[in-house]
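A short worksheet on the structure shown next.
For this chain, numbers begin at 1 and follow the sequence in order. In each ligand, atom 1 is the first atom listed, and ligand 1 is the first ligand listed.
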Amino acid sequence: MEPSYQPNRFRRKAVQVEEAQRKIIELVRLGESEVVRLEDAFGRRLACDVHAANDMPHFRRSGMDGFAVQAEATAGASPESPVTLEVIENIPCGSRPAKAVNGKTASRIMTGAMVPDGADAVIMLEMTETFERDGKTFISIKKEILAGQNVAPIGVEVTTGELILEKGAKINAGEAALLAAFGIGELSVFKRPRVAIFSTGSELLDIHSPLEPGKIRNSNTYMLAMLVRDAGGIPQLHESIPDDAELAMRRISAAMAASDFVITTGGVSVGDYDIMADIFDAWDGTMLFNKVTMRPGSPTTAGMWKEKFLFALSGNPGACFVGFELFVRPVLWGMQGKMEVTPPKATAFLGEDFQKVNAYHRFVRGKSYVENGRLLVKQTGPDRSSLMLSIKDSDCLIVIPPGGSGTSAGELVDIIKLGWAE
Ligand SMILES: Nc1nc2c(c(=O)[nH]1)N[C@H]1C(S)=C(S)[C@@H](COP(=O)(O)OP(=O)(O)OC[C@H]3O[C@@H](n4cnc5c(N)ncnc54)[C@H](O)[C@@H]3O)O[C@H]1N2
Ligand code: MOO
Ligand SMILES: [Mg+2]
């Protein structure tokens, strides 16, 4: 297809970032679910709520190695008048006590073992003296102990029926520990969305190719592949597409069928070979927006075709990165049931001046740090859309509002935490 005049390319109505996010989020549908083994569930998101099937602990559990006693029996115990109790049983972990304790007896007990009937406290081994008399074992106690001490009551951590994990929760170490404790070895999680990734541009070389004048290696595809993975998706890497709208249309349509959605990079601006506008003009899908009041990434474009998203991110690496975080990550999170789909926001004090006149909101790659108990943030490198060096060092995007001559050091700014710093 020859480059030609296309109305969409030049006349674009810019939407605010929140508006663009809203347009996307209201179209996101939950993905399908599948059952995986707990050991394979790292990073996956639960497809249903999980309730406790039992109390935790489900028996009165000793918190110390020592002796299970009736606290009342130790009343008045002191070095001058120690209390003596007969030891009637030894209770290792995992066994069931056979005998009840009364005001004159105690049972040797280990950390994690079941507290016997009658006992309401466990006294630490170090606080007792053991001695034998007439073939029997006794302990002497020189200090009072309170009822409940070193005994975890039934259900103190979780009670039966309690909601322990919500649908959409990401399985990490803490979640895995809980699921294992409740005997959940297989769980229903959302399928990982399959995301087709295309870079467009006749200047793009395969990463194995030597450099040639005017050409660069395709880095966006690999950056996006990592971001897709980080957000729980399966990246499907496609060969890059030269600036040929018809070819791009064919390849993108074919990939749509075999994926949950498609991301392209490059060719979204107003250059002669910026083919994505041609595609959005020619296709039978819906365009959601083709310009956003943001820098970098103002020409970011998104559409829907047969209930599948097509994200046309800018080719500039910095803009591509920001476009993913603001618009693509929410879709991946939403499809996997995460409650809050937009990257979390916070505020921080700007660590150095950002003096640039801004027509649009600017999303500056930044790194947050704590100084004198305050959260500060600094940019990780020169803020230019074409630069990629600073991406790896960033943990947030600093939001610089439009107007004026920028923002000064010490001013409070919004920051958006990057998904990969989640
Ligand atoms: N006259 C105007 N020119 C430009 C405007 C404008 O409003 N009017 N907008 C500028 C802004 S802002 C951006 S951002 C870029 C957007 O460019 P495109 O998204 O069309 O991307 P390309 O033109 O294809 O490439 C831009 C740049 O990025 C490099 N690139 C592309 N793909 C990759 C890749 N896979 N890996 C690494 N680098 C890539 C490409 O070689 C270019 O250098 O337009 C401005 N222009
Ligand atoms: O909007 Mo462009 O992404 O600034 O350079
Ligand atoms: Mg361009």
Side-chain angles (χ1 to χ4, degrees), residues 3 5-6 8-17 20 196-209 211-228 235 237-245 248 251-252 262-280 289-302 310-328 354 356-365 379 381-392 397-400 402:
Y5 174 80
Q6 297 289 347
N8 266 353
R9 185 177 293 179
F10 302 107
R11 273 190 248 112
R12 298 188 183 186
K13 188 178 169 294
V15 296
Q16 301 281 330
V17 171
I197 302 170
F198 287 98
S199 283
T200 72
S202 297
E203 77 279 28
L204 299 177
L205 294 169
D206 176 84
I207 54 168
H208 302 103
S209 304
L211 289 175
E212 293 172 35
K215 298 202 171 187
I216 58 163
R217 293 192 189 101
N218 165 18
S219 57
N220 285 349
T221 292
Y222 297 89
M223 175 174 70
L224 287 170
M226 302 297 150
L227 288 168
V228 165
L237 281 67
H238 290 263
E239 203 186 330
S240 65
I241 311 175
D243 296 319
D244 174 336
R251 294 231 194 125
I252 292 168
V262 176
I263 311 175
T264 68
T265 87
V268 284
S269 187
V270 297
D272 287 348
Y273 303 95
D274 284 342
I275 56 169
M276 292 310 293
D278 300 331
I279 288 177
F280 278 90
F289 54 84
N290 62 4
K291 190 169 177 156
V292 189
T293 60
M294 63 189 257
R295 276 268 137 78
S298 55
T300 302
T301 301
L310 170 58
F311 290 100
L313 304 179
S314 167
N316 270 324
C320 178
F321 179 73
V322 171
F324 179 92
E325 285 298 319
L326 296 183
F327 306 116
V328 186
F354 187 89
K356 239 186 208 176
V357 183
N358 296 305
Y360 292 156
H361 273 99
R362 198 172 266 279
F363 295 85
V364 180
R365 284 151 264 170
Q379 63 188 99
D383 172 61
R384 222 164 300 135
S385 171
S386 55
L387 306 181
M388 67 176 82
L389 203 58
S390 61
I391 296 173
K392 64 179 175 40
L397 297 172
I398 308 167
V399 185
I400 304 287

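Rounding to the nearest 0.5 Å places CD1 of Ile391 at 13.0 Å from CE of Met226. Atoms CZ and OG1, from Phe327 and Thr301 in turn, are 10.0 Å apart once rounded to the nearest 0.5 Å. Atom CD1 of Ile252 is separated from atom OG1 of Thr264 by 5.5 Å, given to the nearest 0.5 angstrom. To the nearest 0.5 Å, the span separating CE on Met294 from CZ on Arg362 amounts to 11.0 Å. Put simply, OG1 on Thr265 and CG on Leu204 are 7.0 Å apart, with the number rounded to the nearest 0.5 Å. The CE atom of Met276 sits 12.0 Å away from the OG atom of Ser314 when rounded to the nearest 0.5 Å.
No side-chain donor from either of Asn218 and Ser240 sits under 3.5 Å from a side-chain acceptor of the other.
Across the listed options Ile275, Val270, Thr200, Val270 owns the non-hydrogen atom lying nearest to atom 2 (C) of ligand 1. Counting only non-hydrogen atoms, the option in Ser269, Gly266, Gly315 that gets closest to atom 4 (C) of ligand 1 is Ser269.
Protein heavy atom nearest atom 13 (C) of ligand 1, with residue, atom name and distance: Asn316 ND2, 3.7 Å. Scanning the protein heavy atoms around atom 34 (C) of ligand 1, the nearest turns out to be Asn220 ND2, 3.2 Å. Given atom 40 (C) of ligand 1, the protein heavy atom at minimum distance is Glu203 OE2, 3.0 Å. Looking only at heavy atoms of the protein, atom 37 (C) of ligand 1 is closest to Ser219 OG, 3.2 Å. For atom 11 (C) of ligand 1, the closest non-hydrogen atom on the protein side is Pro299 CG, 4.3 Å. Nearest protein heavy-atom contact of atom 14 (S) of ligand 1 is Ser314 OG, 3.2 Å.
Considering only heavy atoms from C-beta on, Lys291 comes within 4.5 Å of Tyr360 through its side chain. Residues Ile398 and Phe354 fail the side-chain proximity criterion, which asks for heavy atoms closer than 4.5 Å. You'll find the side chain of Leu313 reaches within 4.5 Å of the side chain of Val328, heavy atoms only. Side chains of Arg251 and Asp244 form no contact here, defined as non-hydrogen atoms less than 4.5 Å apart.
At a heavy-atom cutoff of 4.0 Å, ligand 2 is surrounded by Arg295, Pro296, Gly297, Ser298, Pro299, Asn316, Ala319, Ser385.
Pairing each heavy atom of Leu224 with each of Ile263, the nearest pair is CD1-CG2, 3.9 Å. When every heavy atom of Gly214 is checked against every heavy atom of Glu203, the shortest pair comes out as O-CB, 3.8 Å. Here the closest non-hydrogen pair linking Met223 and Phe321 is CE-N, 3.8 Å.
Remark: distances from the non-hydrogen atoms of Met276 to ligand 1 are all 4.0 Å or more. Heavy-atom distances between Pro296 and ligand 1 stay at or above 4.0 Å for every pair. Under a 4.0 Å heavy-atom criterion, Ser386 is not in contact with ligand 1. Proximity of Gly201 to ligand 1 is not established, as no heavy-atom distance is less than 4.0 Å.
Close contacts of ligand 1 with Ser199, meaning ligand atoms under 4.0 Å from a residue heavy atom, involve 35 (N). Interface of Ser298 with ligand 1, defined as ligand atoms under 4.0 Å from a residue heavy atom, comprises 12 (S). Residue-ligand proximity, Asp274 to ligand 1, at heavy-atom distances under 4.0 Å covers atoms 20 (O), 23 (O). Every atom of ligand 1 with a heavy atom of Asn218 under 4.0 Å away is listed here by number and element: 34 (C), 35 (N), 36 (N). For ligand 1 and Arg295, the ligand atoms under 4.0 Å from any heavy atom of the residue are 12 (S). Listed by number with element, the atoms of ligand 1 under 4.0 angstrom from any heavy atom of Gly267 are 18 (P), 19 (O), 20 (O), 21 (O), 22 (P), 24 (O). Interface atoms of ligand 1 facing Ile216, defined by a heavy-atom separation under 4.0 Å, are 37 (C), 38 (N), 39 (C), 41 (O).
The aromatic rings of His238 and Phe198 sit parallel to each other, their planes meeting at less than 30°, with 60° as the upper class boundary.
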